[in-house]
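Everything numeric here is computed off the predicted structure, so don't read it as measured data. In what follows, chains carry the letters A, B, and so on, assigned in the order in which the sequence lines appear, proteins first and then strands, with residues in each chain numbered from 1.
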Number of protein chains: 2
Amino acid sequence: MWDRSRCSVAGTLAVVGEKWSLLVLREAFLGVRRFADFQRILGAPKAVLTDRLTTLVDQGILRRVPYQAPGERQRHEYRLTQKGIDLHPVLVALMRWGDQYLAEDGDVPLELRHRDCGEPVHLALVCDAGHELSGAREVQAEPRVQAR
Amino acid sequence: MWDRSRCSVAGTLAVVGEKWSLLVLREAFLGVRRFADFQRILGAPKAVLTDRLTTLVDQGILRRVPYQAPGERQRHEYRLTQKGIDLHPVLVALMRWGDQYLAEDGDVPLELRHRDCGEPVHLALVCDAGHELSGAREVQAEPRVQAR
DNA sequence: GGGCTGGGTTCACTTGACGAACTCACTCGA
DNA sequence: TCGAGTGAGTTCGTCAAGTGAACCCAGCCC
């Protein structure tokens with residue numbers, strides 16, 4: 001077996017796995033940028049939110065951008081970096097599973113569409129030969145072979 | 001805007017977002033089934049592990065299956081249900097991001113291959129017209145329209 | 001009957017989350 | 001110029017959760 005302590009899953013969770021982090025990112029993907037909006041929508045304690053935003057900025061997942069609303073002093077808002085945008089599949093995967101197994105009457109699932117053609121979009125495992133796999137059972141995991 | 005408190009991402013995280021849960025599932029996908037193995041590989045405190053395994057079973061993500069090793073009394077092991085298997089994309093997404101941004105020298109990334117054709121596999125957003133989207137920017141999110 | 005083993009439970013301690021109250025810098029209106 | 005208002009925090013007492021070590025217990029073996 002291989003070394004699990006440095007597994008990428010554990011690493012990623014160490015960065016974005018704390019409470020509220022992924023919810024902050026979900027909101028960021030939906031266009032939320034300001035502290036007060038994150039706070040109002042999520043209902044997270046301000047202290048925790050401050051902490052999560054700072055770590056996300058430190059990790060290069062969000063960046064702080066100054067802005068000035070008319071009649072207000074300069075403040076800064078939080079925007080996704082490319083590194084943050086690349087977490088999109090994680091959120092889509094979490095959302096998909098929730099839609100599938102946790103939906104209740106009255107819930108309006110969020111639908112993702114291809115901006116270019118308008119068709120609904122789903123997450124899929126695709127192999128380099130172009131096959132779309134039907135599920136986890138078709139996947140074989142192994143450590144990448146390396147020269148020594 | 002729509003009601004975020006019942007968002008599927010939040011729902012899914014409420015179920016599998018506690019510390020250690022996703023790591024337990026990662027191991028489950030790699031074939032780990034017994035308490036002692038989870039404990040040894042993850043290094044999680046036994047009390048927490050007991051708790052996480054029970055909630056995962058209660059949620060129908062794992063199921064407890066009795067087994068008996070020769071010369072030992074009957075015990076039970078933990079196996080993924082379909083509901084658990086469907087969390088695969090979440091783990092793949094987390095792993096991919098970690099490989100991309102957190103890899104260090106000496107880390108051996110785990111490679112996923114299509115069992116049928118042997119080609120490497122990646123996660124992709126695919127629209128119903130068959131286009132493979134290049135990134136989150138090509139996605140448009142909106143609440144699904146519903147009759148009222 | 002005594003030791004071993006897997007799968008836990010208990011307990012004292014530390015870390016983290018929570019909500020309310022307080023702060024600070026700046027703007028606006030009187 | 002003064003005072004109220006606002007966004008973005010910080011501080012603080014309290015409570016929940018995670019941690020590691022020690023302990024337990026059923027069944028098997030010798």
A:Ile41 vs A:Leu30, test: side-chain contact (heavy atoms from CB on, under 4.5 Å). Steps then yes/no. CA-CA 12 Å; A:Ile41 295 173; A:Leu30 292 172; over 6 Å; no
In whole angstroms, how far is the [atom2] atom of [N] from the [atom1] atom of [X]?
X	N	atom1	atom2	answer
A:Asp51	C:dG16	CG	P	9 Å
A:Leu23	C:dA17	CG	P	13 Å
B:Gln39	D:dG20	CD	P	10 Å
A:Glu18	D:dG18	CD	P	13 Å
A:Arg73	D:dG9	CZ	P	9 Å
B:Leu42	D:dG20	CG	P	13 Å
A:Leu49	C:dG16	CG	P	17 Å
B:Tyr67	D:dG27	OH	C1'	13 Å

(message) Applying side-chain contact (heavy atoms from CB on, under 4.5 Å) to A:Arg64 and A:Tyr78, what does each step give before you reach the verdict?
(response) CA-CA 5 Å; A:Arg64 236 184 275 265; A:Tyr78 300 88; 2.9 Å; yes
What's [X] touching, base or sugar-phosphate or nothing? Going by heavy atoms closer than 4.0 Å.
X	answer
A:Arg40	nothing
A:Glu77	nothing
A:Phe38	nothing

Protein-nucleotides 18-22 of chain C N/O pairs closer than 3.5 Å?
| residue | atom | partner | partner atom | Å |
| --- | --- | --- | --- | --- |
| C:dC18 | OP1 | A:Lys19 | NZ | 3.1 |
| C:dC18 | OP2 | A:Trp20 | NE1 | 2.7 |

Residue-phosphate contact under 4.0 Å: B:Tyr78 side-chain N/O, C:dG7 OP1/OP2:
no
Return no unless some side-chain N or O of B:His76 is found under 4.0 Å from OP1 or OP2 of C:dG8.
yes
- Find out whether B:Leu49 and B:Trp20 are in side-chain contact, i.e. whether some heavy atom of one side chain is under 4.5 Å from a heavy atom of the other. no
| query | Do A:Arg75 and D:dA8 share a donor-acceptor pair, side chain to base, under 3.5 Å? | reply | no
Tightest non-hydrogen contact, residues A:Leu112 and B:Ala141, listed as CD2-CB, 3.7 Å
Ion pair B:Asp37/B:Arg34, N-O distance below 4.0 Å: no
*Identify whether the distance between the nearest side-chain nitrogen and carboxylate oxygen of B:Arg113 and A:Glu142 falls below 4.0 Å.*
yes
Q. Quick one: are the ring centres of B:Tyr67 and B:His76 less than 6.0 Å apart?
A. no
